[in-house]
> 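I'd like to ask you about the structure that follows.
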Amino acid sequence: MTAVVAMATLGLSGCAADSTSTRACVILPDADSGTRWEPGDRPALESALTEAGYEADIQNAGSDTTKYATIGDQQLSKGCGVMLLVDFQGAGVSVAAKAKEQGVPVIAYDRPIEGADYYVSFDNEVVGQLQGQMILDGLAAAGKDPATASVIFSSGDPADGNAAMFLKGATDVLEAAGVTAAFTMEGTWDGAKAGTLFEQAFTAVDGNVDAVLAPNDNNAASIIAILDKNGLTVPVSGQDASVAGLQNVLLGKQWATVYKPFKVEAKAAADLAIQILKGEKPTFEKSNNGVPFLALDPIATTADLVLSLIHI
Ligand code: BGC
């Protein structure tokens, strides 16, 4: 059985090289950890890849590492000229390894993947620094001393390499200003879980909360719901410039969000894929665990910025 499958795979990939060199295989991680992968990245990748002359096969692993591996096998046996993988809890590593065995170049898209050829993302430490700065600006506006403020620290899923970079950037900025964590929540990208964890944190600090470092708009929304329930409005950070996040920013419930334009990220990944397939070896200033890293610039987005764009 295994031998038959292996032969079938070899057979298909053997003839795949020519006919599929313009087929781009993409795996997205989930449909609910944020508001970006399906509504944002999928259409952005689809158009960046098809405009660049690729056929785009975009699948979503639906928060399931087994499904992630199955999609990877299916895509590779159909044939891929290039793979763009958004990791989900480490599942991208073995798909990347299989792709490379078959000579298919791998671009880690947005999240780092060990063993990928390239990593295209935003500068994730800068994302974190912008989040830290939002908290400091919010505390200053509320007249709170950062050194004595009660700030709850929360972060994304530790299995996502980005989460550690966001947290490092934020912590560097906050600690430099004298902020220490009043409570550190367990990391997650599950918005509902972030709400439960925040409820526990809120109880642990007896409701004494001056600000909350939140890793993205989705987690921030759940945290804000608990703050609302307790009649509190304090600076909360975020990321993704999602519709819900921007609404919270305009309502004054979230200090700001970090805007990371999907179209720019998708276009950069498609351009890089073309260069790699042409046999070029682009180099980048940064690297992440030895993987060359194209780090795009994120944009801090406050209510003032949104309003200034509307009232021109
Ligand atoms: C992405 C964020 C996203 C989060 C949850 C991170 O890796 O960079 O934009 O909010 O995952 O999906």
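Since the structure is predicted, the reported quantities are computational estimates derived from the model, not experimental observations. As a basis for the values below, the full set of heavy atoms in this structure was taken, side chains included, without hydrogen atoms, waters or symmetry mates. Counting convention: from 1, in listed order, for ligands and their atoms alike.
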> Using a heavy-atom cut-off of under 4.0 Å, does the side chain or the backbone of Phe88 touch ligand 1, or both, or neither?
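Looking at Phe88 and ligand 1, no heavy atom falls under 4.0 Å.
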> Closest non-hydrogen protein atom to atom 12 (O) of ligand 1, residue and atom name please, with distance?
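In this structure, atom 12 (O) of ligand 1 has Ser33 OG, 2.5 Å as its nearest protein heavy atom.
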> Asp30 versus ligand 1: do any nitrogen or oxygen atoms come within less than 3.5 Å of each other?
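The answer is no, given that Asp30 and ligand 1 share no N or O pair closer than 3.5 Å.
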> So, 4.0 Å and heavy atoms of Trp37: is ligand 1 close enough to count as a contact?
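Heavy atoms of Trp37 do come under 4.0 Å of ligand 1.
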> Hey, are Glu51 and Lys267 close enough for a salt bridge, meaning a charged N less than 4.0 Å from a carboxylate O?
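A salt bridge is absent here (no side-chain N lies under 4.0 Å from a carboxylate O).
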> Surrounding CD of Glu280 (heavy atoms of other residues, nucleotides or ligands, distance under 6.0 Å), is the total greater than 12?
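Counting neighbours around CD of Glu280, more than 12 heavy atoms of other residues, nucleotides or ligands fall under 6.0 Å, so yes.
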> In terms of residue, atom name and distance, what is the protein heavy atom nearest to atom 1 (C) of ligand 1?
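Going by distance alone, atom 1 (C) of ligand 1 is nearest to Asp110 OD2, 3.2 Å.
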> Pair Asp30, Ser63 - check side-chain hydrogen bond (donor to acceptor under 3.5 Å, both in side chains), show working.
CA-CA 5 Å; Asp30 64 70; Ser63 307; 4.7 Å; no
> Atom 7 (O) of ligand 1: which protein heavy atom is closest, and how many Å away?
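Scanning the protein heavy atoms, the shortest distance from atom 7 (O) of ligand 1 goes to Asp160 OD2, 2.6 Å.
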> So, for Phe293 and Tyr119, is the gap between ring centers shorter than 6.0 Å?
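Phe293 vs Tyr119: aromatic centres under 6.0 Å.
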> Just need the protein heavy atom nearest to atom 11 (O) of ligand 1, so name the residue and atom and give the distance.
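For this ligand atom, the closest protein heavy atom is Arg111 NH2, 2.9 Å.
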> Check each of Phe122, Trp189, Phe262 against atom 4 (C) of ligand 1 and report the one with the nearest heavy atom.
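When every heavy atom of Phe122, Trp189, Phe262 is considered, Trp189 comes closest to atom 4 (C) of ligand 1.
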> Got the closest protein heavy atom to atom 3 (C) of ligand 1, with its distance?
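Closest protein heavy atom to atom 3 (C) of ligand 1: Asp240 OD2, 3.6 Å.
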